[in-house]
Amino acid sequence: MSDTSFRNIPFTVFRYNPQTDATPHVETYTVKVQSGMTVLDGLHQIKSDHDASLSWRYSCRMGVCGSCGMLINGRAMLACNTQILDVSTIAIAVAPLPNFPVIRDLVPDLESMFVRHKEIKPWIIRKDESESDRLDREYSQSPEQLEAYLQFSYCIKCGCCMAACPTMATDAEYLGPQPLAQAYRYEADSRDQGFEERKPILDKDSGLFSCHYGSECSVVCPKGVDPAKAIQLMKRQMVLDLIGLRRKKCSGLHHG
Amino acid sequence: MAEKKELDRRLGIKGWALGGRWGFERYLYTLHRITGLGLVTYFLLHILVTSTRAFGGRAIWDPLMGTLGSGFFKAGEFLVFAGFAIHGLNGIRLILIELGIATGKAIEPEYPYPTSVGNQRPLAITVSILAAVLIVLGAYNIFIAH
């Protein structure tokens, strides 16, 4: 039988309105919490019962869209994917994702991540660009080839990894775990031939080798993408390339 | 269009100085950076001190060595050794990780998602124990044996 009793839990929420506030402050609201309630449910309750001006970003409510990433009791998580009582039965503190500018209250500006993500060319690059004009053949891929990158393709761009990364905290130019992991997602894809194009982007200062395995990106990732692993595997490819041992990919085109 | 007014929330040095709810590897990350900075500082001081022999001769060198042999500088010597032990051994761990040896391959993620952090955890613990043993031996050598 499920526990239907309510308990009052204080929610300490980061508040910042750029139109009225010079500095941010926190406000505490009491939330009636029932077993199974998520932090997102708690925020909805605050908005309907206490303060309608509270702002945050959300959409799907099921850990798919990646909109509601926020700092919950000191750890970057998705509010929709996190049950209040799993975090604490005493108190909850909610703040926007750090290492991103704040637009208002719990809404971070993720643009810097999207720009860097685009920078690493997150699409399948083919040496022969005219292939896309001749859609007469398939790119064949074995289950093993699919498994080599599938884990890293589950990224929902929530920004939790970027918020948890200690290198992001001090290096404003660092590409960050999300774009770097996506660089490996394409490197590991048997259809991709973009290693040489991405190499100078990854090999620059504040690029791939600025990761020193704080590993928090992998711990906080709500989709099991394991960016820290992807980054290390990408480093391995760069080292193998440097010493001339990187395996070249075949075209992947199925002739039939 | 009105200029966007946003609040900067980059954590800065706090991002790796404050532990918070982070894991063991995050503390190793911080220790690695602090010991690295310490070793670079020591290296520069070392060059400065040893160059006094070349430029100042024995008249400066001998009293300087007498001062550097005192208790305060012995503690400094111990800190340098401890930094060397942590940075060197953790550096070996990082090389093994960066070559993809200690992280494992891609897997199909199934909840609760296992991560590469768990794969390399035995290595992180082994390296930490070895560093602790080296530090104890170093303390014995610096403070008791000599």
Side-chain angles (χ1 to χ4, degrees), chain A residues 14 16 18-19 21 23-24 73-75 95-104 108-109 147-152 154 163-170 172 184-185 188 209 211-219 221-237 239-240, chain B residues 2-34 36-37 87 90-91 93-121 123-124 127:
Chain A
F14 179 103
Y16 173 69
Q19 287 167 338
D21 301 334
T23 54
N73 280 23
R75 180 159 281 181
L97 291 177
N99 299 332
F100 292 106
V102 177
I103 297 171
R104 180 178 166 139
D109 185 350
E147 196 171 89
Y149 72 86
L150 188 64
Q151 175 179 22
F152 312 119
Y154 287 126
C165 173
T167 305
M168 285 297 302
T170 47
Y184 184 70
R185 176 256 174 268
F209 287 91
C211 165
H212 305 297
Y213 203 74
S215 77
E216 281 307 323
C217 53
S218 293
V219 176
C221 178
K223 303 301 283 185
V225 170
D226 204 343
K229 183 203 282 178
I231 294 169
Q232 311 321 311
L233 294 176
M234 190 70 231
K235 285 180 186 171
R236 178 190 169 93
Q237 291 305 313
V239 172
L240 289 175
Chain B
E3 196 182 326
K4 234 181 352 182
K5 189 186 167 199
E6 292 182 336
L7 179 74
D8 185 16
R9 280 261 294 162
R10 190 169 296 282
L11 291 175
I13 201 86
K14 278 192 299 180
W16 42 279
L18 299 178
R21 292 183 60 211
W22 309 117
F24 182 52
E25 286 72 18
R26 175 95 168 214
Y27 292 101
L28 285 180
Y29 171 98
T30 305
L31 261 180
H32 197 77
R33 295 204 125 184
I34 291 170
L37 290 170
H87 199 83
N90 191 49
R93 166 185 157 260
L94 288 176
I95 289 169
L96 292 174
I97 287 171
E98 293 190 352
L99 291 176
I101 295 167
T103 51
K105 291 193 295 189
I107 54 163
E108 170 65 32
E110 281 179 30
Y111 192 83
Y113 307 119
T115 68
S116 58
V117 184
N119 293 345
Q120 63 76 54
R121 183 62 59 79
L123 181 65
V127 157

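This one's a predicted model, so the numbers in the text were calculated from it and none came from an experiment. Every chain is numbered from 1, with letters handed out A, B, ... down the list of sequences. Side chains included, hydrogens not; waters and symmetry mates left out as well; all remaining heavy atoms used.
Not one N or O on the side chain of A:Gln151 forms a donor-acceptor pair closer than 3.5 Å with the backbone of B:Pro109. No donor-acceptor distance shorter than 3.5 angstrom exists from the side chain of A:Lys229 to the backbone of B:Ser116, with no hydrogens or angles considered. Of the possible polar contacts, none joining the B:Lys105 side chain to the A:Ala148 backbone as a donor-acceptor pair under 3.5 Å is found. Side-chain atoms of A:Glu216 come within 3.5 Å of backbone N or O of B:Gly23 as a donor-acceptor pair.
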Item checked: side-chain hydrogen bond (donor to acceptor under 3.5 Å, both in side chains) between A:Ser215 and B:Tyr29, worked out -> CA-CA 9 Å; A:Ser215 77; B:Tyr29 171 98; over 6 Å; no
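Between chain B and the residues A:Ala228, A:Ala164, A:Cys165, the largest count of heavy-atom pairs under 4.5 Å involves A:Ala164. The greatest number of non-hydrogen atom pairs below 4.5 Å with chain A, out of B:Gly100, B:Gly118, B:Gly12, is found for B:Gly12. When each of A:Cys221, A:Cys211, A:Pro101, A:Ala163 is scored by its heavy-atom pairs under 4.5 Å with chain B, the top score falls to A:Pro101. Interface check for chain A: of the options B:Leu94, B:Ile97, B:Asp8, B:Asn119, the most heavy-atom pairs under 4.5 Å are formed by B:Ile97.
In this structure, no portion of A:Pro108 lies under 4.5 Å from any heavy atom of chain B. For A:Met168, the parts sitting under 4.5 Å from any heavy atom of chain B are the backbone and the side chain alike. Contact of A:Ala230 with chain B is not made at all, since no heavy-atom distance falls under 4.5 Å. In this structure, no portion of A:Ala188 lies under 4.5 Å from any heavy atom of chain B. If you measure heavy-atom distances from A:Tyr154 to chain B, the contacts under 4.5 Å come from the side chain alone. Residue contact with chain B, scored on non-hydrogen atoms closer than 4.5 Å, is absent for A:Thr23. For A:Phe100, the part lying under 4.5 angstrom from a heavy atom of chain B is the backbone only. Neither the backbone nor the side chain of A:Leu240 comes within less than 4.5 Å of any heavy atom of chain B. Using a 4.5 Å cut-off between heavy atoms, A:Asn99 contacts chain B through both its backbone and its side chain.
Between B:Arg33 and A:Thr170 the shortest side-chain heavy-atom distance falls below 4.5 Å. Between B:Tyr113 and A:Asp226 the shortest side-chain heavy-atom distance does not fall below 4.5 Å. Counting heavy atoms from C-beta outward, B:Arg9 and A:Phe14 have side chains that approach closer than 4.5 Å.
Heavy atoms of other residues, nucleotides or ligands lying less than 6.0 angstrom from CD of B:Glu110 number 12 at most.
In this view, B:Arg93 and B:Asn90, B:Gln120 satisfy the side chain to side chain donor-acceptor pair (under 3.5 Å) rule, not counting sequence neighbours.
Pairing each heavy atom of B:Val117 with each of A:Ser218, the nearest pair is CG2-CB, 4.1 Å. Residues B:Lys5 and A:Pro18 share a closest heavy-atom pair of NZ-O, 2.7 Å.
Results of the side chain to side chain donor-acceptor pair (under 3.5 Å) test with B:Glu98 over A:Arg236, A:Lys235, A:Gln232 single out A:Lys235 as the only residue that passes.
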